[in-house]
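Following: one structure in structure tokens, then a few remarks.
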Amino acid sequence: MAQRECKQPKKICIVGSGNWGSAIAKIVGYNAQRLDHLDNEVTMYVYEEIVNGKKLTEIINETHENVKYLPGHKLPPNVVAIPDVVDAAKDADVLIFVVPHQFIRTLCATLLGKIKPNAVGLSLIKGFDRAKGGGIDLISHIITRNLKIPCSVLMGANLAGEVADEKFCETTIGCSDITIGPLLRDIIQTDYFRVVVVDDEDTVEICGALKNIVACGAGFVDGLGLGDNTKAAVIRLGLMEMVKFVDVFYPGGKLGTFFESCGIADLITTCYGGRNRKVSEAFVRTGKSIKELEDEMLNGQKLQGPFTAEEVNTMLKTKQMEDKFPLFTTIYKICDGKLPPSEFISCIKNHPEHMYVPKIITFT
């Protein structure tokens with residue numbers, strides 16, 4: 001009996017249904033249809049909204065399209081939208097979390113004790129949460145701590161629209177359990193979505209959060225009309241601060257992880273094509289607040305860069321290390337209105353680029 005139970009197909013639930021969640025649902029639904037070790041039905045938790053006078057879950061289940069967050073893209077018919085997160089997740093063996101990071105604690109509290117005890121998590125959430133005492137908390141750590149399940153992470157140069165269009169891209173899964181990694185890869189990988197699994201979970205996740213701060217700086221550069229050479233300098237300096245951040249606060253990270261899709265590739269993509277760059281450019285050009293532009297430009301989606309910059313700055317200030325991360329600090333101050341965007345060029349010019357040689361820069 002035990003052997004037959006082990007061979008039962010794995011049921012998957014996607015917790016979240018924004019543009020990224022819906023793009024991933026296309027992939028997961030496709031793989032669930034074709035792989036025998038995955039259950040055919042994929043549940044997707046959808047926060048219920050009324051769109052054109054009708055419930056969004058009903059629209060998705062009838063038309064197989066998330067008309068609000070990923071219009072123009074058909075979801076596989078085996079992806080079932082469910083408005084109650086407990087109903088969606090209760091039978092799942094794998095929970096894929098893809099919601100704004102501000103909501104993860106509430107979701108975990110709702111799901112606690114109502115999911116399979118041997119379930120595993122995969123977080124696609126890019127951002128930090130604020131920890132007690134002025135530090136930051138990684139989303140995967142919150143999920144593991146609050147739901148009592150292991151949680152891996154997926155980060156990469158994965159603009160949702162391009163993934164939905166099935167344009168080739170790479171991604172990185174950080175998973176320390178060699179028995180779980182292959183299953184997660186099977187769930188996610190397609191011929192146009194290449195997965196590399198590494199055992200450096202924290203670094204993978206931190207890259208996915210910090211790159212959004214740097215992307216705000218890239219947007220400031222575009223808004224100020226400073227050109228691609230200046231943007232390249234921001235990307236380089238931003239990568240340096242990302243490496244240093246991991247080295248100082250999460251020692252043990254591997255330099256090679258920064259050269260995976262979750263690192264430099266995601267950083268470049270976000271600094272040229274992401275929503276943080278786009279809104280930050282408009283912030284400089286229009287003089288409107290970040291909140292106003294978020295409401296105007298993102299169709300209900302949330303902007304992660306300014307919020308993450310604030311969380312990181314709280315940590316740096318508590319540890320009296322703001323001056324050690326001048327790019328992160330300046331971007332936060334501009335987003336928060338403490339500095340005008342025109343001051344950003346001074347930060348770039350005066351950045352102490354030789355300030356630090358990270359201990360993890362070693363190939364031995």
Side-chain angles (χ1 to χ4, degrees), residues 1-18 20-49 55-62 64-66 69 75-100 103-125 139-140 142-154 173 175 177 179-190 195:
M1 177 67 74
Q3 287 184 337
R4 286 198 297 271
E5 288 176 351
C6 289
K7 293 181 180 179
Q8 287 296 313
K10 301 295 186 182
K11 295 183 67 68
I12 305 163
C13 171
I14 300 169
V15 183
S17 58
W20 185 210
S22 298
I24 283 296
K26 278 192 64 177
I27 290 173
V28 175
Y30 166 75
N31 284 334
Q33 287 177 319
R34 70 184 186 86
L35 297 176
D36 291 340
H37 60 292
L38 303 181
D39 190 89
N40 180 70
E41 182 181 87
V42 175
T43 57
M44 180 171 70
Y45 164 61
V46 176
Y47 178 78
E48 193 70 279
E49 301 178 66
K55 292 179 179 179
L56 183 56
T57 53
E58 293 179 358
I59 296 173
I60 292 172
N61 289 332
E62 291 173 7
H64 307 297
E65 180 180 351
N66 189 334
Y69 295 114
L75 302 178
N78 59 323
V79 175
V80 180
I82 299 176
D84 183 281
V85 68
V86 173
D87 286 345
K90 62 184 180 182
D91 296 322
D93 299 291
V94 180
L95 297 164
I96 300 175
F97 294 91
V98 55
V99 294
F103 305 132
I104 193 61
R105 291 184 190 271
T106 300
L107 276 174
C108 286
T110 303
L111 290 173
L112 180 61
K114 299 172 183 175
I115 60 173
K116 287 185 174 180
N118 61 343
V120 298
L122 178 66
S123 173
L124 279 60
I125 302 171
I139 302 302
S140 64
I142 294 172
I143 293 169
T144 293
R145 192 168 60 246
N146 286 277
L147 287 181
K148 319 300 182 187
I149 62 172
C151 186
S152 301
V153 297
L154 180 150
I173 290 178
C175 178
D177 189 331
T179 65
I180 296 175
L183 170 64
L184 299 179
R185 183 192 59 221
D186 288 349
I187 290 170
I188 297 295
Q189 184 159 266
T190 69
V195 176

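Small disclaimer: the values here were computed from a predicted structure and weren't measured.
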Side-chain (Asn31) to main-chain (Gln189) donor-acceptor, under 3.5 angstrom: yes
Close side-chain approach of Ile149 and Thr144, heavy atoms under 4.5 Å: no
Closest approach of Gly29 to Val79 (non-hydrogen atoms, all atoms of both residues): CA-CG2, 3.9 Å
Considering all heavy atoms, the nearest Ala81-Ile60 contact: CB-CG2, 3.8 Å
Neighbour count above 12 (heavy atom, 6.0 Å) for Asp36 CG: no
Distance (rounded to the nearest 0.5 Å) between Arg105 CZ and Ile143 CD1: 11.0 Å
Matching residue for Lys10 among Val120, Ile187, Asp39, Leu38 - test: side-chain contact (heavy atoms from CB on, under 4.5 Å): Leu38
Shortest non-hydrogen contact between Ser17 and Asn66, atoms and distance: O-ND2, 2.7 Å
Glu48: partners by salt bridge (charged side-chain N to carboxylate O under 4.0 Å, His left out), with sequence neighbours left out: none
Any side-chain heavy-atom pair of Ile82 and Thr57 under 4.5 Å: no
The single option from Ile14, Ile24, Leu154 passing side-chain contact (heavy atoms from CB on, under 4.5 Å) against Val98: Ile14
Test item: Thr43 and Lys11 side chains (from C-beta on) under 4.5 Å apart, heavy atoms: no
Test item: Ile188 and Leu122 side chains (from C-beta on) under 4.5 Å apart, heavy atoms: yes
Gap separating the CZ atom of Phe97 from the CD1 atom of Ile142, nearest 0.5 angstrom: 11.5 Å
Which residues share a side-chain hydrogen bond (donor to acceptor under 3.5 Å, both in side chains) with Asp93, sequence neighbours left out: Lys116
